[in-house]
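Have a look at the structure below before the remarks.
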Amino acid sequence: MILALWILPAVAVTMATSLWMSATSIIELSDSAYDRSLAGAIRAIDSNISTESGGVGVELPYNLFEFFELTAQGRVYFNVSTDDGLVQIGDVLLPPTENLELEELRFEDATYLGDPVRIGALKRLLHANDEDGPSVTIQVAETKGSRNAFQNTLLERSITRDVAVVLAMAAMLAIGVYFAVRPLRRLRDAIDRRESDDLTPINGEGLPAEVRPLVEAVNRLMQRNLSRADQQRRFLDDASHQLRTPMAVLRTQIDVALHETDVETIHETLRSSRGVLDRSSRTINQLLTLARAQTSEGTDIYPQSLIDLRELVAEAIRAHWSQLRRRKMDCTLEGSEDVLPVRANEALLGEAINNILDNAISYARAGTLISVHAERDGSMAQVSISDEGPGMSDEDIAQSGIRFRRGAAAEGKLGSGLGMAIAVAAAKSSGGQVTVSNRVDRSGLVVTFSIPLAVES
């Protein structure tokens, strides 16, 4: 229906344009043909003008006039006059042809005795060798009945032909659209019959070539959704494991405390339980932060403002200074000292930087150096955090945005991996990205957080 609403106006405009062009051409061609007859009559009268008697005389070609009247199927009028007004021969009331130049033959429409007429006029010198002498104007007019009837007949035939062509074209378009849209209807029915979790590619065979790029784009989108759904499933499996294990440990410790009678043992068990509870609370908070970051995209729950990314990184380093001291580690902030203005949510971005820094401190060897580099990279503000901990395999790096695993299982340092997922979501919410790579110069990991610089207004 919508396609028809686009096609019908186009067909109507085409039809109107065709009819207008046909009518214009018919009128011009018929006028040209009839005007040749008027020009012949004017030339005949001109050749019969005589000045030998000292005045102006005209010997009318009556046979020509009779033939002309039969051809025109109407009345024919003529007038011969001089510009000084001394000579007026014929139908003296014919409307004058204004501003007629010498040797100019002009045709125009007018009204004479209440009838529409076509007037042809010629002006020339009365004496060819006397340029300062008087001039004579010859007019011949015919009624337009025959001319109009001829034009109307041609117009009717042209309209009939054009209407038939347009209707045939409209019918062919309708048939073509029907057969072109039929595969789309089959595609729609096939998609409607699918289950909500069916993300298999759509079969594009038999579809018009113009539609196949759309089907391919939809297939790519479904493939991305399928990959993301698989990643989310693995993420939920990992997260649920991270929650179930502490809960089981906490329940066991509570049962132990309930059966103990020694106060010191009970206190030790409760202190251990508090650590488990703290880690569980952090995991739950990270899960909530990640879920909200992925759904809000930095607009509603996390409103954005203009902040200095370098200062935010410096604050994160200061917040982790006690953790660095406990592990006898050092941390340097390098790069440009200029302000790095970005538009983001300060709380979410701060959480992302803190997670990356906490990961580097937790996995690096004690007594090593954490290098933080903040600088401009074209239109991006870039923060790179390098540590000297274990690296990651290519497969784990590819999945780092959903599941972050580093090779420190022997030390019991495997975390939930939520911190990196939060960092990725925070970067995406402001149009940035997070990349993970192994260090080239030594063992360790480099996590780079990039976010567009704010446009200065």
Side-chain angles (χ1 to χ4, degrees), residues 1-14 166-241 243 286-302 304 348 394-404 417-418 420-435 452:
M1 184 62 183
I2 296 177
L3 189 60
L5 292 178
W6 279 96
I7 293 177
L8 289 178
V11 171
V13 171
T14 302
V166 170
L167 290 178
M169 181 178 65
M172 294 178 65
L173 283 174
I175 295 172
V177 168
Y178 173 78
F179 283 103
V181 172
R182 190 164 60 175
L184 298 181
R185 293 196 183 99
R186 291 199 302 267
L187 176 63
R188 178 200 62 190
D189 296 338
I191 294 176
D192 287 340
R193 288 192 298 268
R194 285 191 172 205
E195 298 294 335
S196 59
D197 58 347
D198 185 0
L199 296 179
T200 56
I202 299 172
N203 186 5
E205 294 182 2
L207 293 176
E210 296 80 4
V211 181
R212 289 177 187 171
L214 175 61
V215 173
E216 293 171 358
V218 172
N219 285 337
R220 289 193 295 269
L221 175 62
M222 290 199 298
Q223 183 60 39
R224 291 195 297 269
N225 288 336
L226 186 63
S227 176
R228 183 171 181 83
D230 184 59
Q231 291 174 345
Q232 288 178 343
R233 180 186 57 78
R234 293 197 302 268
F235 166 72
L236 291 175
D237 290 343
D238 292 342
S240 62
H241 172 73
L243 290 177
Q286 285 184 322
L287 280 171
L288 294 174
T289 300
L290 177 61
R292 295 170 68 187
Q294 289 178 338
T295 55
S296 67
E297 297 185 354
T299 55
D300 298 326
I301 301 174
Y302 292 107
Q304 297 182 346
L348 183 60
D394 293 340
E395 181 182 357
D396 287 338
I397 288 177
Q399 298 293 333
S400 59
I402 294 296
R403 182 176 56 182
F404 194 68
L418 296 175
M420 185 58 63
I422 292 174
V424 171
K428 286 184 177 180
S429 69
S430 298
Q433 64 177 354
V434 176
T435 57

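Both backbone and side-chain heavy atoms feed into the values below; hydrogens, waters and symmetry mates do not. Sequential numbering from 1 along the given sequence is applied to the chain's residues. This one's a predicted model, so the numbers in the text were calculated from it and none came from an experiment.
In plain terms, the two heavy atoms of Pro201 and Met222 that are nearest each other are CA-CE, 4.1 Å. Taking every heavy atom of both residues into account, Ala423 and Val434 meet most closely at O-CG2, 3.6 Å.
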Identify all side-chain donor-acceptor contacts of residues 213-221 below 3.5 Å with residues at least two apart in sequence or on another chain.
unit_1 : atom_1 : unit_2 : atom_2 : d
Asn219 : OD1    : Ile202 : N      : 2.6
Asn219 : ND2    : Ile202 : O      : 3.1
Asn219 : ND2    : Val215 : O      : 3.4

Residues Lys428, Val424; criterion side-chain contact (heavy atoms from CB on, under 4.5 Å); working and verdict: CA-CA 6 Å; Lys428 286 184 177 180; Val424 171; 3.9 Å; yes
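Under the side-chain contact (heavy atoms from CB on, under 4.5 Å) criterion, Pro452 pairs with Met380, not counting sequence neighbours.
Here the CG atom belonging to Leu167 is positioned 13.0 Å from the CE atom belonging to Met172, to the nearest 0.5 angstrom.
The closest side-chain heavy-atom distance from Thr200 to Arg194 is below 4.5 Å.
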